[in-house]
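Have a look at the structure below, then the notes.
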Amino acid sequence: MPPLDRAALKAQLLREYAALLEERLPEGSLTLEEIETVVEELGREQDRRLEELLIQEQTPPPDNQVACPRCQVPAPYKRQVPLEVLTIHGPRRLLRRWHHCARCRQGFAPLDLHLHLEKPATRQVRAWQAKYGSLDAFATVPELLADLRGLVVSASTVERTTLEVGNALLAAEHAARAAPEERPACPPASFSPRRSAGFARGAPVSGDGRGLLSSAGGMAQRRQPGKAALPVGRVQSRGGVSDASEGRAG
Ligand SMILES: [Zn+2]
């Protein structure tokens, strides 16, 4: 599908929103609950469409050969590999062109590279899982995310993510202590070794835990792509989502 330009994208979204309002907006008097419901439905629908169209816009033109991100040798196209990814607005199904590098014996999807996709969930989704997974039992987090954001995640995913984020924060802390001059611009101010040890085990964080956990999400958001050292979502190898998870949702 050819990429959309901004003017076409805006026109398309406005057209679709107008149609959506026409179709779903009830007439006559409304209770506050009815207003709340319809606004939520329309908002989610709009979020979903905008996100889909912006993702689509990033899709690189199909090529038979694409330079391998590791060794730069041309890697031939093999097949299409769908991947479900989760953003804070819901699940998105990406249809990615998969290339394989014979030299590195590894595959990659150019779309993953364009999107800086390293995990099948965005950093914010992962930060939420880690935050609430460390404050309460892992099993309670799926219901919380479903109620508040309509997101579907399993307790095992929450557990895995919480441990990964905790371990990445610990590694970043150790690295910062070893080389203070290379400390990230926005260090996790209240991240203490005692807390981080409990965090990495998935145990509840002492106190309110907010300093630590907002650090996890905040660092992930503030950090600039391509810049040094950091934890959340950076624990996997470069080159996008790996072969092991090429067709799997998290
Ligand atoms: Zn290669």
Side-chain angles (χ1 to χ4, degrees), residues 1-13 47-127 129 151-154 156-157 160-161 163-165 167-168 171-172 220-221 223-250:
M1 200 171 292
L4 296 164
D5 61 45
R6 282 170 59 87
L9 183 136
K10 282 191 287 185
Q12 181 169 350
L13 283 168
D47 288 347
R48 182 187 65 77
R49 275 304 284 157
L50 178 57
E51 199 161 76
E52 279 177 357
L53 290 171
L54 291 176
I55 289 171
Q56 190 178 306
E57 206 177 22
Q58 305 309 309
T59 305
D63 274 322
N64 290 331
Q65 308 255 10
V66 172
C68 168
R70 300 172 190 89
C71 69
Q72 309 307 316
V73 164
Y77 166 73
K78 290 297 177 188
R79 63 192 182 280
Q80 284 201 320
V81 178
L83 177 70
E84 281 252 322
V85 296
L86 192 61
T87 80
I88 63 171
H89 304 113
R92 301 287 166 257
R93 188 171 190 270
L94 309 181
L95 198 53
R96 309 125 79 222
R97 289 174 63 84
W98 195 256
H99 291 252
H100 188 82
C101 174
R103 188 172 173 190
C104 298
R105 295 184 184 175
Q106 288 197 53
F108 65 95
L111 178 58
D112 296 359
L113 301 174
H114 274 72
L115 295 173
H116 292 212
L117 184 64
E118 295 163 335
K119 297 280 183 182
T122 60
R123 286 183 189 153
Q124 187 59 66
V125 172
R126 289 167 53 74
Q129 291 178 46
L151 300 180
V152 178
V153 294
S154 67
S156 61
T157 296
R160 190 178 66 242
T161 303
L163 296 180
E164 282 178 2
V165 172
N167 287 334
Q221 284 187 315
R223 201 151 32 84
Q224 291 174 7
K227 280 218 169 163
L230 205 221
V232 186
R234 286 280 175 192
V235 291
Q236 205 163 351
S237 62
R238 297 177 61 191
V241 174
S242 70
D243 283 16
S245 60
E246 70 179 62
R248 177 173 58 79

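What you are looking at is a predicted structure, and each value in this text was computed from that prediction instead of being measured. No hydrogens, no waters, no symmetry mates; every other heavy atom, side chains included, goes into these values.
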### Message
Using only atom types and a distance under 3.5 Å, with no angle test, would you say the side chain of Thr157 pairs donor to acceptor with the backbone of Val153?
### Response
no

### Task
Answer yes or no: is there an ion pair linking Arg6 with Glu57, defined by an N-O contact shorter than 4.0 Å?
no

#### Entry: Any Gln106 side-chain heavy atom under 4.5 Å of Cys101 side chain
no

### Query
Does some side-chain heavy atom of Leu111 sit less than 4.5 Å from a side-chain heavy atom of Leu117?
no

### Message
Quick one, Arg48 and His89 - any side-chain contact, counting heavy atoms below 4.5 Å?
### Response
no

### Message
Working to the nearest 0.5 angstrom, can you tell me the gap between Glu52 CD and Leu94 CG?
### Response
10.0 Å

#### Entry: Least distance between heavy atoms, Ala75 atom then Phe108 atom
CB-CE2, 3.6 Å

### Query
Looking at Gln72 and Ala67, what are the two nearest heavy atoms and their distance?
O-CB, 3.8 Å

### Query
What is the minimum heavy-atom distance between Arg96 and Pro82, and which atoms define it?
NH1-O, 3.9 Å

### Query
Between Leu86 and Thr122, is any pair of side-chain heavy atoms under 4.5 Å apart?
no

### Task
Return the minimal non-hydrogen interatomic distance between Val66 and Asp63, and the atom names on each side.
CG2-CB, 3.9 Å

#### Entry: Derivation of the side-chain contact (heavy atoms from CB on, under 4.5 Å) call for Gln12 and Arg49
CA-CA 10 Å; Gln12 181 169 350; Arg49 275 304 284 157; 3.0 Å; yes

### Query
Measuring from Asp47:CG to Ile88:CD1, what's the distance to the nearest 0.5 Å?
8.0 Å

### Task
Output the distance between atom CD1 (Ile55) and atom CZ (Arg93), rounded to the nearest 0.5 Å.
13.0 Å

### Message
Main chain of Ala8, side chain of Asp5: is a donor-acceptor contact present, judged purely on distance under 3.5 Å?
### Response
yes

### Query
Out of curiosity, Cys68 SG to His99 NE2, how far, rounded to the nearest 0.5 Å?
11.5 Å

### Message
Using a strict threshold of under 4.0 Å (side-chain N to carboxylate O), is an ion pair present between Glu51 and Arg92?
### Response
yes

### Query
Rounded to the nearest 0.5 Å, how far does CG of Leu50 lie from NZ of Lys10?
12.0 Å

### Task
Carefully, step by step, assess Arg97 and Gln80 under the rule side chain to side chain donor-acceptor pair (under 3.5 Å).
CA-CA 5 Å; Arg97 289 174 63 84; Gln80 284 201 320; over 6 Å; no

### Summary
To the nearest 0.5 Å, atom CG of Asp112 lies from atom CH2 of Trp98 at 6.0 Å

### Query
Nearest heavy-atom pair of Ala121 and Arg126: which atoms, and what distance?
O-CD, 3.4 Å

### Task
Identify the heavy atoms of Gln65 and Pro74 that sit nearest to each other, and give their distance.
OE1-CB, 3.4 Å

### Query
Tell me, do Glu164 and Lys119 make a side-chain contact under 4.5 Å, heavy atoms counted?
yes

